[in-house]
Asks: 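Provided herewith is a single structure, encoded as structure tokens, for subsequent inquiry.
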2 protein chains.
Amino acid sequence: MPSAEQPNLESLKSAGLKSTSPRLKILALFESGPERHMSAEEVYRLLLASGEDVGLATVYRVLTQFQQAGLLERHNFEGGKSVFELNQGKHHDHIVCLQCGHVEEFYDAIIETRQQNIAAELGFGIRDHSLCLYADCTKIQCPHAGNTQRSTATPSA
Amino acid sequence: MPSAEQPNLESLKSAGLKSTSPRLKILALFESGPERHMSAEEVYRLLLASGEDVGLATVYRVLTQFQQAGLLERHNFEGGKSVFELNQGKHHDHIVCLQCGHVEEFYDAIIETRQQNIAAELGFGIRDHSLCLYADCTKIQCPHAGNTQRSTATPSA
DNA sequence: ACGCAAATGATAATCATTCTCATTTGCATT
DNA sequence: AATGCAAATGAGAATGATTATCATTTGCGT
């Protein structure tokens with residue numbers, strides 16, 4: 001027998017979390033699911049669709065635990081619901097489709113540097129930051145038309 | 001008698017909104033109140049505190065109407081609630097205290113330019129964007145300690 | 001196999017916000 | 001100044017996302 005290779009079990013263990021069925025399934029969904037960025041309800045629906053029987057409350061709990069453990073990142077884009085993605089270590093910003101909520105990623109070294117400089121100029125350190133560009137589905141040929149989006153949601157500046 | 005000078009009445013009129021007591025009071029609060037950035041509930045509480053009798057639903061309605069009319073800007077920072085500020089025409093980004101939600105403003109031409117470039121590089125136009133830096137109260141000597149902040153709120157990147 | 005703390009799932013509760021609807025009010029017109 | 005009516009208001013119900021509660025189940029060390 002070859003030596004075991006179960007990164008998910010390891011991730012959970014090192015996070016102090018028991019290796020349970022819902023947790024493994026949620027982690028697997030982020031690692032090999034159809035979408036990198038998912039809300040709690042999307043995760044819930046995908047699990048139900050694949051025949052898994054997990055409660056919505058558990059999904060919320062697990063997502064929050066994973067976020068606190070550093071396995072996932074949480075984003076609060078427009079639309080009123082949190083979106084999660086696998087924490088891959090590499091920082092990046094986002095561009096979100098205002099029509100369907102689909103997310104694309106980008107990274108710009110100049111902006112990152114500038115943010116640090118601004119923080120320094122203002123005399124304090126940034127704990128975190130959020131940069132999100134909003135665009136229309138039509139412009140980015142987004143393949144995810146017709147999703148949910150809160151009606152009154154308006155981009156903040 | 002000198003010629004009338006009532007910018008608020010004008011603002012409402014040109015927005016197609018009737019000049020009512022709640023609207024004038026809310027507008028006045030943003031123009032000369034203690035805080036440039038306020039949530040619906042903060043507005044509501046300040047009005048109650050100053051003896052005005054407006055309903056919370058009306059505050060929400062009026063804020064949304066003002067935003068749609070271009071009188072106010074709406075921001076969706078961390079903390080789960082929308083924050084409004086007078087639309088002064090000059091675009092700026094924000095730095096938000098993670099402890100109490102107090103907001104400071106800044107503008108950086110380099111970042112603005114860079115965002116346009118990124119949009120161009122990715123091949124589509126930005127409709128809007130949101131840049132927000134998050135810091136701790138302690139670091140910015142924020143005078144507004146002990147306010148509300150959703151416990152699970154986490155900065156998005 | 002045991003035992004117990006941790007985890008789960010169903011449901012109630014909470015929070016911000018919007019909707020409903022009966023009553024009131026601004027304002028243009030007599 | 002009196003009238004009329006659409007627009008606005010306010011109280012409370014409804015909604016949507018998320019969290020808390022609590023009895024039952026399960027992972028895992030002994």
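In what follows, every chain begins at residue 1, and chains take the letters A, B, ... in the order their sequences are listed.
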Asks: Using whole Å, report how far CD of A/Glu52 lies from P of C/dG9.
Replies: 11 Å
Asks: Output the rounded distance in Å from CG (B/Asp53) to P (D/dG10).
Replies: 6 Å
Asks: Could you tell me the separation between the CD atom of B/Glu41 and the P atom of C/dT14, rounded to a whole number of Å?
Replies: 15 Å
Asks: Given atom CZ of B/Phe84 and atom P of C/dA16, what is their separation to the nearest angstrom?
Replies: 14 Å
Asks: Please state how far atom CG in A/Leu47 lies from atom C1' in C/dT8, giving the value in whole angstrom units.
Replies: 14 Å
Asks: In terms of ring plane angle, is the pair A/Phe77 and A/His75 parallel, tilted or perpendicular, where the classes change at 30° and 60°?
Replies: parallel
Asks: Within this structure, what is the CG-to-C1' distance between B/Leu24 and D/dT9, rounded to whole angstrom?
Replies: 14 Å
Asks: Nearest to the A/Ala57 side chain among D/dA20, D/dT9, C/dA16, which nucleotide is it?
Replies: D/dA20
Asks: So A/Asp93 and A/Glu112, do their side chains get closer than 4.5 Å, heavy atoms only?
Replies: yes
Asks: Would you mind telling me which residue lines up with the more 5' stretch of DNA chain C, B/Leu56 or B/Leu17, judged by nearest nucleotide?
Replies: B/Leu56
Asks: Just how far, in rounded Å, is C1' of C/dT11 from OH of A/Tyr44?
Replies: 12 Å
Asks: Rounded to whole angstrom units, what separation is found between the CG atom of A/Asn76 and the P atom of D/dT18?
Replies: 8 Å
Asks: Mind checking the CG-CZ spacing from B/Leu12 to B/Arg23? Nearest 0.5 Å is all I need.
Replies: 7.0 Å
Asks: For residues B/Tyr44 and B/Leu63, determine if any side-chain heavy atom of one lies less than 4.5 Å from a side-chain heavy atom of the other.
Replies: no
Asks: Does D/dT9 have OP1 or OP2 under 4.0 Å away from a side-chain N or O of B/Ser21?
Replies: no
Asks: Kindly say if A/Thr20 contacts the phosphate of C/dA7, meaning a side-chain N or O under 4.0 Å from OP1 or OP2.
Replies: no
Asks: Looking at B/Lys18, I'd like to know whether one of its side-chain N or O atoms comes within less than 4.0 Å of OP1 or OP2 on C/dC27.
Replies: no
Asks: Can you check whether B/Ser82 has a side-chain N or O nearer than 4.0 Å to OP1 or OP2 of C/dT17?
Replies: yes
Asks: Looking only at side-chain N and O atoms, does B/Arg61 offer a donor or acceptor that is under 3.5 Å from a partner on B/Thr58?
Replies: yes
Asks: So for B/Arg23 and C/dG26, does any side-chain atom that can act as donor or acceptor lie under 3.5 Å from a complementary atom in the base?
Replies: no
Asks: Respond yes when some side-chain nitrogen or oxygen of B/Ser39 is under 4.0 Å from OP1 or OP2 of C/dA16, and no when none is.
Replies: no
Asks: Name the residue closer to the 5' end of DNA chain C, choosing between B/Arg61 and A/Val54 according to the nucleotide with the nearest heavy atom.
Replies: A/Val54
Asks: So, does A/Tyr60 get its side chain near the phosphate of D/dT18, meaning an N or O under 4.0 Å from OP1 or OP2?
Replies: yes
